[in-house]
Amino acid sequence: MDRIRIVGGRPLRGRIAISGAKNAALPLMTAALLTDEPLILENVPRLTDVRTLGRLLAELGMGFDMEELPRGADGSGGDRMRLSAANITSTTASYELVSKMRASFWVLGPLVARFGEAKVSLPGGCAIGARPVDLYIKGLEKMGCEIDLAEGYVIARAPKGGLKGAVIRSPLVSVGATHTLMMAATLANGVTVLENAAREPEVADLADCLNAMGAKIEGAGTSSIRIEGVKKLGGTTHHVLPDRIETGSYAMAAAMTGGEVTLTGTRPDTIEAALTVMRAAGVEARVKGDEITVRRNGSRLQAVDVVTQVYPGFPTDLQAQFMALMTLAEGDTEITETIFENRFMHVQELARVGANISLHGDKAIVHGVEKLKGAPVMASDLRASAALIIAGLAAEGETIINRVYHLDRGFERIEDKLGLCGADIQRLSN
Ligand code: UD1
């Protein structure tokens with residue numbers, strides 16, 4: 001099993017090209033199920049989560065071509081994917097594949113909308129809390145679906161004549177339920193309104209693609225989305241949104257080590273909450289067009305409290321990385337996790353490199369220390385792995401990160417991108 005070895009202490013200097021967003025690419029791939037015409041996605045990141053979903057879609061009969069395009073010297077560029085759901089042979093998504101990654105569950109919406117039925121295994125994914133699917137089920141029921149739960153599968157049947165438009169008010173904001181219900185509503189009879197919808201940029205990106213396919217969606221990116229159902233959707237070519245979580249992770253890596261890094265090909269407006277917090281901690285972050293230059297001039301970081309929130313608040317997907325950054329800050333940082341319970345598994349691993357963090361329910365208090373010291377650590381989930389990399393880059397001596405497969409789910413060529421900026425980082429294969 002691959003491991004990553006880092007010898008810390010080198011300031012990062014250079015340019016890092018940001019890849020397409022995993023969390024945008026995955027729902028976009030499932031959207032291909034809504035049409036019998038080809039959907040072409042560009043700027044697709046090369047990640048195991050993308051391959052896992054590709055395998056699941058292929059199992060359903062999706063034609064799936066991945067053109068792996070060469071990357072620029074700075075790591076820029078992405079792959080081109082052609083998806084064709086002209087000959088879907090199955091509407092059952094198996095436990096074996098869905099349990100690997102929660103986003104596979106999102107095929108439920110498009111399948112039931114276009115084919116009138118779907119049988120999808122209950123999801124798996126990162127071990128970061130209970131993550132139920134009640135909002136998906138209640139939403140689809142409101143659109144007239146009959147839903148059964150049997151042997152770990154959700155079985156959904158649309159009414160005769162297809163799904164019906166409905167007003168669906170969600171008691172809490174869910175990105176996945178918003179994606180799923182928005183996709184389902186594109187082919188429903190009549191108008192659907194999603195109230196208290198997720199405002200994440202990935203929802204707006206999906207809506208842009210669906211509209212280019214012929215859907216009639218208004219308000220995506222706000223908390224109220226109106227979808228007027230259409231009879232049929234067609235194909236299109238769509239460029240995947242840049243990854244705001246990758247952007248934030250590298251911004252924090254640069255801030256952690258000192259030096260100066262320019263993040264290119266990103267969408268600075270999607271990462272404002274994190275940049276604001278980083279600036280308050282003493283990091284310089286300059287935005288110019290689609291670039292962000294992050295710099296820390298040797299002075300010590302200051303502790304800044306953070307509460308994770310739905311977009312446009314501080315993202316839960318950067319909580320672990322920010323915690324790593326604050327391990328070396330002056331003072332105590334209070335980090336409150338409001339989105340997922342149990343998303344503090346990185347705390348004990350950060351302690352192994354010398355961080356001083358105490359846990360109190362949904363709060364972690366990081367007591368800043370003067371230095372970290374390299375150690376063997378274990379990645380517990382995707383974003384936690386990035387936190388360990390950030391800590392390792394600043395720790396004295398050698399840090400070995402085990403269970404790197406978590407990292408490969410969501411960060412394209414992380415060791416190459418950091419290596420280009422002067423980090424002493426290698427992948428050890430065995
Ligand atoms: C997506 C992102 C993930 C991110 C999360 C929150 C992808 C592939 N994943 O995950 O990286 O951390 O948004 O920004 O885009 N909930 C329910 N019932 C439901 C659905 C959700 O109670 O039916 C709860 C969850 O347990 C959680 C909260 O709602 O506490 C938010 O989860 P949600 O936004 O659905 O996360 P995902 O879409 O799974």
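Remark: Thr91 engages Glu117 in a side-chain hydrogen bond (donor to acceptor under 3.5 Å, both in side chains) (not counting sequence neighbours). By the side-chain hydrogen bond (donor to acceptor under 3.5 Å, both in side chains) test, Arg427 pairs with Asp2, Asp408, Glu415, sequence neighbours left out.
By the 30° and 60° cut-offs, the orientation of the rings of Phe411 relative to Tyr250 is perpendicular.
Other residues, nucleotides and ligands contribute over 12 non-hydrogen atoms within 6.0 Å of the CZ atom of Phe115. Within a 6.0 Å radius of CZ in Arg413, other residues, nucleotides and ligands contribute more than 12 heavy atoms.
A salt bridge does not link Lys22 to Glu246: none of the charged side-chain nitrogens sits closer than 4.0 Å to a carboxylate oxygen. Arg343 has a carboxylate O that lies under 4.0 Å from a charged side-chain N of Asp317, or vice versa, which qualifies the two as a salt bridge. Ion pairing between a basic and an acidic side chain is recognised when a charged N comes within 4.0 Å of a carboxylate O; Lys216 and Glu218 show no such pairing.
Contact record, Leu34 with Leu210: CD1-CD2, 3.6 Å, taken as the closest heavy-atom pair. A pairwise comparison of heavy atoms in Ala93 and Val107 identifies CB-CG2, 4.0 Å as the closest pair.
Defined by atom type and a distance below 3.5 Å, a donor-acceptor pair is missing between the side-chain atoms of Thr262 and Glu291. If you check the side chains of Glu349 and Ser380, you find no donor sitting under 3.5 Å from an acceptor. There is a side-chain donor-acceptor pair under 3.5 Å between Glu337 and Thr316. Side chain to side chain, His179 and Glu202 fail the donor-acceptor criterion of an N or O pair below 3.5 Å.
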